[in-house]
Amino acid sequence: MKFKEYRQHQIMLMPPSLDDKILPDHLARYIDKVVDELDIKDIEDSYSDLGCHAYHPQMLIKVILYGYCIGIRSSRRIQKEIREDLVFMWLAGQQEPDFRTISDFRKDRIKDIKKLFNQVLEICYKLGMVQCGKISIDGTKIEANSGRNKVTYRKKLEKSKARYEEKIEQILKEAADIDAEEDRLYGDKDGYSLDHGYTSEEIKEAMKKVQREKEKVEDKLAVVNEKLERMGEDRNSFGNTDKDATLMLMKNDSLGVGYNVQMATENQVIVGFGVYQYRADTYLLQPMIAEAEQNFGMTPEAILADKGYCSEKNYEYLACREMKAAIPPNTFDLDIAARHKGTYKPSNNPTYEQYKVDMLNFLETDEGKGLMDKRKWDVEPTFGDIKHNMGFRKLLLRLLPKVKTEVGLISI
């Protein structure tokens with residue numbers, strides 16, 4: 001017989017240990033060790049002592065993080081893998097939480113994702129993977145869990161607001177006209193002995209009708225004002241399904257409803273992240289520097305970013321703080337070519353021009369060129385990893401606080 005014996009339904013007296021099946025250097029073992037070291041007391045304290053015992057938060061964090069690492073984020077998919085995949089079974093201790101338990105835990109229990117992230121970053125720091133040296137910053141647009149064709153625009157809201165306000169003015173004028181008509185008809189008399197086509201009850205009913213119409217329009221105006229308040233001053237649109245998401249240009253040059261996800265990296269390790277509603281990166285350099293400084297508790301050695309972060313305000317900020325930075329101006333390639341040809345023309349803004357010339361001088365040094373090259377193999381591959389290898393191209397959760405949780409999980 002040339003085949004090995006095959007008995008699919010053989011019953012084992014002593015089943016094999018799952019631990020024996022997981023290789024010593026498997027990713028799941030690192031996740032297992034790291035999560036065991038995390039302080040999750042805040043999550044544990046969020047559970048009540050009443051009712052049946054809940055699944056342990058450590059187990060749920062492990063299976064969710066492992067799922068994110070291999071591109072499985074759906075709670076239903078994670079439930080399926082826990083029942084069928086050996087590694088998930090091992091991480092779950094052969095327990096089988098259903099998808100609602102996994103989903104609710106991710107949405108409702110992990111409220112301070114930054115605390116978990118910073119603990120993992122501290123482990124990376126102690127291992128020598130990062131040291132708050134040369135920090136690269138970049139952003140990417142991630143599509144929200146919202147229909148791209150279902151968008152509310154500021155212009156439409158403002159038109160509706162003006163229309164409702166005008167309607168209320170007309171109603172108030174109509175009410176004033178009814179009051180004037182009542183005074184003209186009744187004067188100082190009781191209104192019952194006059195010979196005319198109106199009665200007191202008819203006028204009161206007309207006033208009630210006007211008041212009801214006014215309240216109806218006021219309710220509509222309140223809804224519009226609420227939407228404008230939610231949109232804020234810096235956005236011109238939001239998604240109808242996820243009202244915190246904004247219409248913006250995605251990486252494939254198509255319009256979509258999403259968020260601007262910013263990350264700071266060092267040696268392809270994410271050392272800081274942020275989720276913003278701004279479409280342009282220009283406004284986000286300072287918040288991301290502050291994020292990295294807060295996470296490390298120290299100032300980075302240098303800041304590396306692309307042209308999208310160039311602005312007079314950012315250059316001034318870096319100069320005032322005496323921070324080394326490699327951030328080329330928007331016209332970098334043309335400026336360098338013109339400088340070499342001797343045809344360079346300064347801009348009309350003297351203040352910005354001085355910052356720009358200082359940056360160009362630095363970026364033409366060996367150190368400056370090295371920093372620009374470093375950014376290309378630091379933060380850009382990091383985004384490539386999470387978007388291509390981990391499949392993080394569209395969010396599952398909605399609204400900014402929960403979106404931050406999801407971005408935090410992928411960052412960990």
Side-chain angles (χ1 to χ4, degrees), residues 18 21-22 26-32 34-35 38 40 43-44 46-48 51-113 116-117 120 140-150 239-245 250 256-259 261 273 275 383 385-412:
L18 291 181
K21 300 293 185 181
I22 311 299
H26 196 284
L27 171 64
R29 288 199 180 274
Y30 291 101
I31 292 176
D32 179 59
V34 168
V35 174
L38 298 181
I40 58 171
I43 297 177
E44 293 174 350
S46 68
Y47 287 86
S48 171
C52 63
H53 290 178
Y55 287 104
H56 202 288
Q58 272 188 336
M59 181 270 287
L60 293 170
I61 292 174
K62 289 176 183 179
V63 296
I64 290 174
L65 281 180
Y66 181 66
Y68 270 69
C69 284
I70 63 174
I72 297 176
R73 295 180 292 130
S74 164
S75 55
R76 285 180 168 83
R77 275 292 309 279
I78 293 175
Q79 174 189 331
K80 180 177 182 292
E81 298 302 324
I82 286 174
R83 295 178 179 178
E84 299 177 0
D85 183 271
L86 192 68
V87 178
F88 275 98
M89 289 181 187
W90 177 72
L91 285 173
Q94 292 186 278
Q95 295 180 330
E96 296 184 1
D98 63 19
F99 72 91
R100 293 197 184 280
T101 300
I102 297 168
S103 177
D104 290 345
F105 178 81
R106 178 173 53 187
K107 289 188 300 182
D108 303 329
R109 299 294 179 181
I110 310 179
K111 294 183 178 179
D112 191 357
I113 191 65
L116 296 180
F117 174 83
V120 176
T140 189
K141 309 300 192 303
I142 300 293
E143 191 174 349
N145 187 356
S146 181
R148 64 175 60 190
N149 296 322
K150 297 180 180 179
N240 291 356
T241 308
D242 183 350
K243 291 181 172 56
D244 286 345
M250 299 296 175
V257 179
Y259 293 89
V261 174
F273 68 90
V275 182
F383 276 121
D385 183 35
I386 65 174
K387 294 181 81 171
H388 180 74
N389 297 331
M390 302 167 75
F392 188 65
R393 295 180 178 276
K394 185 170 182 176
L395 295 156
L396 295 179
L397 306 184
R398 297 170 182 168
L399 302 180
L400 192 56
K402 294 177 182 179
V403 168
K404 288 181 179 178
T405 296
E406 189 167 9
V407 173
L409 287 169
I410 205 76
S411 299
I412 289 174

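As a basis for the values below, the full set of heavy atoms in this structure was taken, side chains included, without hydrogen atoms, waters or symmetry mates.
Considering all non-hydrogen atoms of both residues, Ile113 and Ile110 come closest at CD1-CG2, 3.6 Å. In this structure, Ile142 and Arg393 approach most closely via the heavy-atom pair CG2-O, 3.9 Å. When all heavy atoms are compared, the tightest approach of Pro401 to Asp244 is CD-OD2, 4.2 Å. The two residues Gly391 and Arg73 have their closest heavy-atom pair at O-NH2, 3.6 Å. Listed here is the closest heavy atom pair of Pro57 and Glu44: CG-CG, 4.1 Å. Of all heavy-atom pairs spanning Ile31 and Lys62, the tightest one is CG2-O, 4.0 Å.
Using a 4.0 Å cut-off between charged side-chain N and carboxylate O, Lys402 and Glu406 make no salt bridge.
Shown here is Lys394, whose NZ atom has more than 12 heavy atoms of other residues, nucleotides or ligands within 6.0 Å.
One distance of note links CD1 of Ile72 with CD1 of Ile64; it measures 13.0 Å at 0.5 Å rounding. Going from atom CG of Leu18 over to atom NZ of Lys21 covers 9.0 Å, rounded to the nearest 0.5 Å. With rounding to the nearest 0.5 Å, the separation of CG in Leu409 from CZ in Phe392 is 9.0 Å. Distance CD1/Ile410 to OG1/Thr405: 13.0 Å, rounded to 0.5 Å. Between the CZ atom in Arg83 and the CD1 atom in Ile78 there is a gap of 13.0 Å [rounded to 0.5 Å]. From Lys404, atom NZ reaches atom CG of Leu399 across 12.0 Å, with rounding to the nearest 0.5 Å.
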Derivation and outcome, side chain to side chain contact (heavy atoms under 4.5 Å, CB included), residues Ile70 and Phe88: CA-CA 11 Å; Ile70 63 174; Phe88 275 98; 3.8 Å; yes
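Between Ile102 and Ile82 there is a side-chain heavy-atom pair separated by less than 4.5 Å. A heavy-atom distance below 4.5 Å is not found between the side chains of Val261 and Phe273. Counting heavy atoms from C-beta outward, Phe105 and Val63 have side chains that stay 4.5 Å or more apart. Residues Val257 and Asp242 are not in side-chain contact: their nearest non-hydrogen atoms beyond the backbone lie 4.5 Å or more apart. Side-chain contact check for Asp32 versus Trp90: some heavy-atom pair is nearer than 4.5 Å.
Classification of the Tyr66-His26 ring pair by plane angle, with boundaries at 30° and 60°, yields tilted.
At distances below 3.5 Å, not a single donor-acceptor pair connects side-chain atoms of Ser46 with backbone N or O atoms of Arg109. Not one N or O on the side chain of Ser103 forms a donor-acceptor pair closer than 3.5 Å with the backbone of Phe99. Checked by atom type and distance alone, the side chain of Asn145 never pairs as donor or acceptor with a backbone atom of Leu397 at under 3.5 Å.
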